[in-house]
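Because the structure is a prediction, the values reported are computed rather than measured. Any value given below was found using the heavy atoms of this structure, including those in side chains, with hydrogens, waters and symmetry copies removed.
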Amino acid sequence: PNKPVVWLQENKNLLIKVFIITTILGLLGNAFAYFNLDLNSDYLAEYRFDYLHKIQCGRFLQPVVRYILSGIIVTPWLEGCWFIFFTGCTVFLVCKTFNYEKILSIIIIAGLFTNNLWVLFITAICLHDLAAYALALLLAVLAFSYYVKNKENLNFYKIIIISTMMICSQ
């Protein structure tokens, strides 16, 4: 069998706990935006289809990520689903990296990742970028997790590639 599939099956209980807790905390803190269908604030910028300013800032993968995740027009509920999925993966990686398996530890980590001021700000003001930022955070934690788990047999090219994708996709 495939190595990642076996690894996920071995960690199935932790994965389920993490995703349930992350979903509950993510919805408790941010559902006001995910279920709001009124167009307001910077969300109106989605109808311009202007990615030039993101590309000029070096975020050349951001339009690609946005198109793959959301299609042409970003909807609040879909951004929320992607945010909860990417944040759940991030919380799972943090728990695996530091061997946190207790419920209280998972609740604290998931709460920090889903309900901090940065997430509330992005959710309220720039919801259209939320999934891309969550993906960038996941890639950053993935690079760190790879570094921690492979200190003795380190391949810096993998870390550089993951970090570059993280920087260019946010």
Side-chain angles (χ1 to χ4, degrees), residues 3-5 7-8 10-11 14-30 33-34 42 51 53-70 74 76 78-102 104-170:
K3 269 185 162 181
V5 173
W7 184 75
L8 286 173
E10 291 171 355
N11 296 295
L14 177 63
L15 191 63
I16 291 170
K17 284 191 277 189
V18 163
F19 271 98
I20 289 172
I21 292 169
T22 303
T23 301
I24 291 170
L25 292 176
L27 288 176
L28 283 175
N30 305 303
Y34 304 155
D42 287 347
Y51 296 112
H53 66 286
K54 302 245 186 218
I55 295 170
Q56 288 172 342
C57 291
R59 302 173 181 176
F60 57 88
L61 288 178
Q62 211 274 350
V64 175
V65 169
R66 171 92 56 85
Y67 184 75
I68 290 171
L69 296 180
S70 302
V74 177
L78 187 57
E79 285 293 302
C81 290
W82 281 119
F83 169 75
I84 288 172
F85 174 74
F86 290 139
T87 305
C89 293
T90 303
V91 171
F92 176 73
L93 277 176
V94 168
C95 289
K96 282 306 294 175
T97 302
F98 294 108
N99 296 319
Y100 294 141
E101 304 225 358
K102 294 182 181 176
L104 184 60
S105 302
I106 298 169
I107 290 171
I108 291 171
I109 294 168
L112 288 172
F113 278 107
T114 58
N115 293 306
N116 59 53
L117 286 177
W118 174 82
V119 170
L120 292 175
F121 168 76
I122 295 297
T123 301
I125 305 298
C126 304
L127 183 65
H128 53 276
D129 288 330
L130 184 63
Y133 289 154
L135 176 62
L137 180 63
L138 172 61
L139 292 172
V141 170
L142 181 64
F144 175 75
S145 180
Y146 174 78
Y147 171 76
V148 168
K149 295 291 183 182
N150 297 301
K151 282 183 184 175
E152 63 279 342
N153 189 16
L154 202 56
N155 185 346
F156 280 107
Y157 294 115
K158 290 181 182 177
I159 293 176
I160 290 170
I161 289 170
I162 293 171
S163 299
T164 302
M165 287 174 54
M166 177 263 310
I167 292 168
C168 297
S169 66
Q170 61 176 319

So, do F83 and I122 sit near enough that their side-chain heavy atoms are less than 4.5 Å apart? no

Closest heavy-atom pair, L69 versus A131, reported as atoms and distance to 0.1 Å, is CD1-CB, 3.9 Å

Going by heavy atoms in the side chains, are Y34 and I84 under 4.5 Å from each other? yes

Test item: W118 and Y133 side chains (from C-beta on) under 4.5 Å apart, heavy atoms: yes

Heavy atoms, side chains only, cut-off 4.5 Å: are T123 and L130 in contact? yes

I need the I20 CD1 to I106 CD1 distance, nearest 0.5 Å. 10.5 Å

Measuring from I108:CD1 to L112:CG, what's the distance to the nearest 0.5 Å? 7.5 Å

When you look at N30 and V119, which way does the side chain to side chain contact (heavy atoms under 4.5 Å, CB included) test go after all the steps? CA-CA 9 Å; N30 305 303; V119 170; 3.9 Å; yes

At what distance, to the nearest 0.5 angstrom, does CD1 of I16 lie from CD1 of I21? 12.0 Å

Is the closest side-chain heavy-atom distance between C89 and F19 below 4.5 Å? yes

So do the side chains of L137 and F86 get within less than 4.5 Å of each other, counting heavy atoms only? no

To the nearest 0.5 angstrom, please state how far the NZ atom of K96 sits from the CG atom of L15. 10.5 Å

Using atom types as modelled and distance alone, determine if a side-chain donor or acceptor of N11 lies under 3.5 Å from a backbone N or O of L14. no

What is the minimum heavy-atom distance between C95 and V18, and which atoms define it? SG-CG2, 4.3 Å

If every non-hydrogen atom of P76 is compared with every non-hydrogen atom of A33, which pair is closest and at what distance? CB-O, 3.3 Å

Between the CZ atom in F85 and the OG1 atom in T87, the distance rounded to the nearest 0.5 Å is 10.5 Å

Partners of T97 by side chain to side chain donor-acceptor pair (under 3.5 Å), sequence neighbours excluded? S145

Between atom CG of L28 and atom CG of N115, what is the distance when rounded to the nearest 0.5 Å? 7.5 Å

Run the numbers on V94 and F113 for side chain to side chain contact (heavy atoms under 4.5 Å, CB included), then give the verdict. CA-CA 11 Å; V94 168; F113 278 107; 4.0 Å; yes

Would you say the ring centroid of W7 lies under 6.0 angstrom from that of F92? yes

Quick one: does L93's side chain get under 4.5 Å of L138's, heavy atoms only? yes

